[in-house]
2 protein chains.
Amino acid sequence: MEHSTKPFTSPNFRPLYLQVKDIILQRLAKNEFKPGDLLPSEPRQAEMLGVSQGTIKKALDELVGQNLLVRHQGKGTYVATHTVDRALFHFLRLTNDNGHRLLPDSRVVSLSKNRSTIQERDKLCLDKGGQVIRITRIRMLDSDPVIHECLSLPANRFSGLENHAPAELPNTLYRYYESLFHLAVINATEKLKAVVADENDAKHLGIECGRPLLEIDRVAIGYENIPLEWRVSRCNTAHYHYLTDLE
Amino acid sequence: MEHSTKPFTSPNFRPLYLQVKDIILQRLAKNEFKPGDLLPSEPRQAEMLGVSQGTIKKALDELVGQNLLVRHQGKGTYVATHTVDRALFHFLRLTNDNGHRLLPDSRVVSLSKNRSTIQERDKLCLDKGGQVIRITRIRMLDSDPVIHECLSLPANRFSGLENHAPAELPNTLYRYYESLFHLAVINATEKLKAVVADENDAKHLGIECGRPLLEIDRVAIGYENIPLEWRVSRCNTAHYHYLTDLE
DNA sequence: GAGTGGTCTAGACCACAGC
DNA sequence: CTGTGGTCTAGACCACTCG
C-alpha cells in the first residue's frame, strides 16, 4: 500500500486501517468479493497491501462489527450472507408475545412493474420517470395473517424480477436479491407509527377496519449507501410486538 | 494480574482482556468509578494489573463500544454520563416527521409509592411484597402533548424519591438516577405495539378515544443486569415516528 | 514539556479446522 | 501437519490537551 508517505502530517490523512477497510469495502461493492466468499488470509492481505497483520486485523474487526464479514477461527474470514439466522435476528424484529421469534410465511398477492410515484422516487433516490417493481404480500406467523406488506424495488437494478412467478418468490427476499441480482442489503432504516387498518388491511388480515396496526416503513440499503428496497409493513400487533434493544 | 497461570490450557479460561474488562465492570457496578470520573491512564492500568497496554486498550475498546466509557485523546478515559446528547441519540427514538429529534418537555401528573402489581414484580424482578414508586407524566414535543407515560421504579433502590416535589423531577430522568441514587442506566429493551387511546390517554393527549397510539414498553437495565425502571409510553404518532436502524 | 490516547509494527504462542 | 484466526507483548512514533 502507498503509505501516502508522511502518513500523519498529510492534510487528508486517514489511518492505514481505515484505508484498508475502504479498499475491502470497494471490492465488496464491486462484487469482487461475493457473499459467502472466503477472503485472503490475514497474513496474505498484509503482504499484498504492505502493512502489518495487526492493521489488517483492525480493518477486518470493524467490518465484522458491521456484520459485513464473518470470521471462523481455523478456517478464515468470509463475506456475510443473509442466512435465516441473520434475517431472524437482524431484520425481523417482530416477536411473539411469549418471546419467540418466528420466521413468517409469505403469500404474494401481486407483482408488477409500474411508473414510480414521487414518494418512491424519494425513498429510492430515483430519477423522474424511473420505474419500480411492486410486490404486495401477506405474511403469516403461526399461520395467522399478521403483516400486510407493500414493497417497491428500483426496476433498473432488479430487471426481470417482474416476470418471475409470484409463487416463486422466496420468504426471505434479501438472500434472493443477493443470489439473483448481486445486491446485498447491509443496512436498513425503519420508521414506526401506529395507524388504523383500512378496508384492504382488514380484508387481508382478517380483522375489522379501524383496528390499530403497527406500520413499519423500511428502506433497505446496499453498499455505497444505495437504497435497494422500500417496504411498508402493516402489522397486527395484537399478539406480537416489535422488539429492540437500545445500546 | 494473576494470569490464572496456564492461561490457555485451563478449563475455564478467559482471555486476559476480558478479565480486565470484568474487573473494570465490577468497579463500575460498585461505584468505585462513578459517571464522569476519569479512569487511570492506560499505562497506569497496565502496570497496576501487570498486563501490556495493548490488552488494556482492547478491554477499554469494548467498554467504549458498549457506551460505558468515553475516550478523549490527550485527556483520558472517562465513565460515560447521561448527557442530553446521549438521551437524544440513544434513548429517545421519537422523531419529528421532518427528521428532527427533539427533547420533550415533561409535566408530572402523579408521583406515589405503592404496593407492586404482579406485572411490576415481573418486569423489575421484585419479591412479592416489594414496593414501587410510580410516576405518571405527559411529555410534549413542540409544546404539543404527545406521550402519556407511566413509570415504575423499585422503591428499595430509589428510596425517598416519592417525597420529592413532582415539579422537581427533571426532564431527563436517567441523569437524575445517576446523581441522586448512583444508579446508571446502561441498557434498555423496548417492545412496541400499536394500541388504541383510552379515555385517560385521550384526555391527556388532547385526542379522541380510539385513536391509534404507539405503545413503547421499556425496561431499563443497570450494571449487573439489574432492572431499574419499567416505563410504558403511549405516543401519538400522528406527526412523529419511532426511528431505528437495523445494523 | 509531560502526559494522554491513537496508530502501527514485528514477533511470539495458542486454539481451532481440515487434510 | 499446515494454515487459519485469537491473544498478548514491547516498543515506536504521532496527535491532542493542558499547564
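Order of the sequence lines sets the chain letters (A, B, ...), proteins ahead of strands, with each chain counted from 1.
- The existence of a salt bridge linking B:Arg86 and A:Glu247 is confirmed by a sub-4.0 Å separation between a basic side-chain nitrogen and an acidic carboxylate oxygen.
- The distance from the CG atom of B:Asp22 to the CD1 atom of B:Ile24 is 9.5 Å, given to the nearest 0.5 Å.
- Separating the CD atom of A:Gln53 from the P atom of C:dT9 is a distance of 11 Å, rounded to the nearest angstrom.
- Residue B:Tyr78 contributes atom OH, which lies 12 Å from atom C1' of D:dC16 at whole-angstrom precision.
- Separation of atoms OH (B:Tyr17) and NZ (B:Lys21) is listed at 8.0 Å; rounding is to 0.5 Å.
- Whole-Å rounding puts the A:Gln73 CD to C:dC16 P distance at 6 Å.
- Taking atom CZ of residue A:Phe13 and atom P of nucleotide C:dT7, one finds them 8 Å apart after rounding to whole Å.
- Here CG of B:Leu92 is found 6.5 Å from CD1 of B:Ile147. Values are rounded to the nearest 0.5 Å.
- Nearest nucleotide to the side chain of A:Glu42, out of D:dC16, D:dG5, D:dC8: D:dG5.
- Of the residues near DNA chain C, B:Gly76 and A:Gly74, the one whose nearest nucleotide (by heavy atom distance) lies more toward the 5' end is B:Gly76.
- The side chain of B:Lys75 sits closest to D:dT17 out of D:dT17, D:dG5, D:dT7.
- Listed nucleotides: D:dG5, C:dC8, D:dT9. Nearest to the side chain of A:Ser41: D:dG5.
- Of the side-chain N and O atoms in B:Thr77, one or more sit less than 4.0 angstrom from OP1 or OP2 of C:dG5.
- With rounding to whole Å, A:Tyr17 atom OH is found 4 Å from C:dT7 atom P.
- The distance from atom CD1 of A:Ile216 to atom NE2 of B:His241, rounded to the nearest 0.5 Å, is 13.5 Å.
- A straight line from CZ of B:Arg44 to P of C:dT4 spans 10 Å, rounded to a whole angstrom.
- For A:Tyr177 and A:His82, the gap between ring centers reaches or exceeds 6.0 Å.
- Checked against D:dG6, C:dT9, D:dC16, the side chain of A:Val51 finds its nearest nucleotide in C:dT9.
- For B:Leu38 and D:dT17, the CG to C1' distance is 12 Å, given to the nearest whole Å.
- Closest approach to the B:Pro43 side chain among C:dG5, D:dG5, D:dT9 is made by C:dG5 (side chain taken as heavy atoms from C-beta onward).
- By the 30° and 60° cut-offs, the orientation of the rings of A:Phe181 relative to A:Tyr176 is perpendicular.
- Within residues 55-68 of chain A, the residues having any heavy atom under 4.0 Å from DNA chain D are, by residue number, A:Lys57.
- Distance A:Arg71 CZ to D:dT4 P: 14 Å, rounded to the nearest Å.
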